[in-house]
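Chain letters run A, B, ... following the sequence lines, proteins first and then strands; every chain starts at 1.
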There are 2 protein chains.
Amino acid sequence: MSTHTPESGTIPSMDSSNTRRDATRRKLFEAAVTLIAEQGFSSTTVDEIAERAGVAKGTVYYNFASKNVLFEELLRHGIELLATSLQAAADEVTDRGGSRIDALDAMIRAGLDFISRYPALTQLYVAELWRTNRAWQSTLMVVRERAITVVENVLREAVEQEELSEEIDIPLTASALFGMVLVAALDWQSYQPDRSIDDVHAALSRLLQGRVSGRSAEGP
Amino acid sequence: MSTHTPESGTIPSMDSSNTRRDATRRKLFEAAVTLIAEQGFSSTTVDEIAERAGVAKGTVYYNFASKNVLFEELLRHGIELLATSLQAAADEVTDRGGSRIDALDAMIRAGLDFISRYPALTQLYVAELWRTNRAWQSTLMVVRERAITVVENVLREAVEQEELSEEIDIPLTASALFGMVLVAALDWQSYQPDRSIDDVHAALSRLLQGRVSGRSAEGP
DNA sequence: TCCCTTGCACTGACTGGTCAGTGCAAAAAG
DNA sequence: CTTTTTGCACTGACCAGTCAGTGCAAGGGA
């Protein structure tokens with residue numbers, strides 16, 4: 001059991017000392033993440049963010065140096081959460097002797113959990129992650145690295161344990177897995193929100209485990 | 001052999017009567033697609049687009065009713081190209097008696113080709129496709145539908161031909177495949193642009209065909 | 001041959017509005 | 001008393017969209 005509390009379900013708490021200031025910052029994060037996910041960074045105004053957070057505009061600038069800085073901190077904060085959650089899922093499986101393949105499967109589940117819990121945050125990453133020439137480009141590089149590395153590590157261990165062929169291309173496979181879960185989950189949220197997470201997870205597992213092509217399940 | 005000419009390699013020609021006006025519109029598309037991919041829609045100004053296209057601002061409004069309309073036409077134009085190219089790849093394989101699995105593989109290749117030829121266009125779709133509350137939402141729904149349907153059809157035929165398990169979830173698998181190719185390709189372009197397309201294609205094929213997990217090649 | 005007209009495509013200065021960020025005095029909170 | 005928040009007026013840069021006017025090629029009349 002981890003120590004983090006889910007709070008309101010929109011954006012999680014920080015390392016969370018309980019000062020008044022932190023509460024304000026959290027409210028601002030919550031407001032910003034949904035607005036920016038919907039409208040994009042540039043068409044979201046600071047006045048809107050302040051209003052949705054129930055705070056005066058001056059307060060935004062008392063807490064963050066600029067709109068850009070607010071956004072960067074949001075990005076960093078969010079990715080830390082995802083990486084931690086993926087890592088925890090993988091560790092939990094391997095610690096009790098599960099295979100690396102099982103760990104991968106657990107990470108897929110953790111990814112789906114994350115996306116369904118913080119859809120706005122996810123949309124926001126997708127929208128920004130492959131852009132170039134933006135102020136927070138370098139922040140995003142770090143952020144991406146942090147998440148992908150977790151997946152790559154498990155893949156690498158799996159190859160070492162001979163659970164996976166040593167022919168696989170680790171970085172590329174990690175990206176592909178990431179994309180598979182990401183896009184499937186976003187489509188799920190946008191177009192079939194009624195389906196259960198187990199359902200979606202099962203479909204992705206099947207695809208990954210190669211039970212899709214070849215009808216191999218019918219063999220003896 | 002199709003009749004379309006690749007033009008400059010940034011954005012393809014339309015059905016293209018060769019009037020002066022069409023040439024201008026094409027220049028504007030080219031300029032807009034790269035700028036918007038880099039900076040996003042809202043932070044790209046009409047002045048920038050005009051300048052990069054080498055025309056006056058008024059010309060933009062002579063050719064398009066508004067900045068929004070310019071963008072919508074860009075989206076529609078681009079997706080038509082992708083859908084056509086995927087369909088052509090699939091047809092080409094099945095017409096000469098290849099399996100549906102081979103057709104899927106050909107579509108992956110076509111997807112990679114497309115993304116490497118029009119990276120800016122691709123970035124732009126990714127950034128906008130899962131946003132809500134935007135002016136061109138309905139356009140995007142249509143656009144998405146158009147591309148995903150092509151993949152779903154091949155999957156459905158594959159199930160009918162008993163090349164794929166009837167247990168698979170067709171819409172979700174289509175999304176997942178789409179995402180796999182998309183994210184892998186974007187990462188390839190952004191972070192390892194030197195790798196050959198064959199290399200990337202091979203890695204994705206391996207993942208899809210289930211040759212990744214289980215080391216099945218070693219079995220007795 | 002020259003001049004005038006017509007209409008299409010394009011031009012770029014200008015307008016009206018928007019928005020990030022500031023400054024400050026006074027009120028809450030702790 | 002210090003830290004944080006409020007409310008609000010203000011500035012200056014920036015930007016979508018407008019519009020009166022230019023350039024130019026084709027036609028037609030004399």
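Protein atom CG of B:D22 is 15 Å distant from nucleotide atom P of C:dC8, rounded to whole Å. Distance, B:R21 CZ to D:dA25 P: 19 Å, rounded to whole Å. In this entry the distance linking CG of B:L28 with C1' of C:dC10 reads 11 Å, nearest Å. Distance NZ (A:K27) to C1' (D:dT6): 12 Å, rounded to an integer number of Å.
A distance-only check finds no donor-acceptor pair linking the side chain of A:E152 to the backbone of A:S175 [under 3.5 Å].
Map B:D47 and A:G58 each onto its nearest nucleotide of DNA chain C; the residue landing nearer the 5' end is B:D47. The residue among B:V55 and A:F41 whose nearest nucleotide of DNA chain C is located toward the 5' end is B:V55.
Counting atom types as modelled, A:K57 pairs no side-chain N or O with a base atom of D:dG7 as donor and acceptor under 3.5 Å.
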Please assess B:R76 against B:E80 for the test salt bridge (Lys or Arg N to Asp or Glu O under 4.0 Å), listing each intermediate value before the final yes or no. CA-CA 6 Å; B:R76 258 193 283 270; B:E80 204 52 43; over 6 Å; no

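When each of C:dA20, D:dC15, D:dT6 is scored by its nearest atom to the side-chain atoms of A:V46, the top-ranked nucleotide is C:dA20.
When all heavy atoms of A:V93 and A:A103 are compared, the pair lying nearest together is CG1-N, 3.7 Å.
Side-chain atoms of A:S42 and B:S43 form a donor-acceptor pair, as typed in the model, at a separation below 3.5 Å.
A heavy atom closer than 4.0 Å to some atom of DNA chain D occurs in B:Y61, B:S66, B:K67, these being the qualifying members of residues 59-71 of chain B.
Considering only side-chain N and O atoms, A:T45 lies nowhere under 4.0 angstrom from the phosphate OP1 or OP2 of C:dT18.
Aromatic ring centroids of B:Y118 and B:Y125 lie 6.0 Å or more apart.
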Tabulate below the donor-acceptor pairs under 3.5 Å that side-chain atoms of residues 51-61 of chain B make, not counting sequence neighbours, or state none.
unit_1 : atom_1 : unit_2 : atom_2 : d
B:R52  : NH1    : B:T34  : OG1    : 3.2
B:K57  : NZ     : B:D47  : OD2    : 3.2
B:T59  : OG1    : B:A56  : O      : 3.4

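Heavy atoms of B:T44 sit under 4.0 angstrom from primed sugar atoms or phosphate atoms, though from no base atom.
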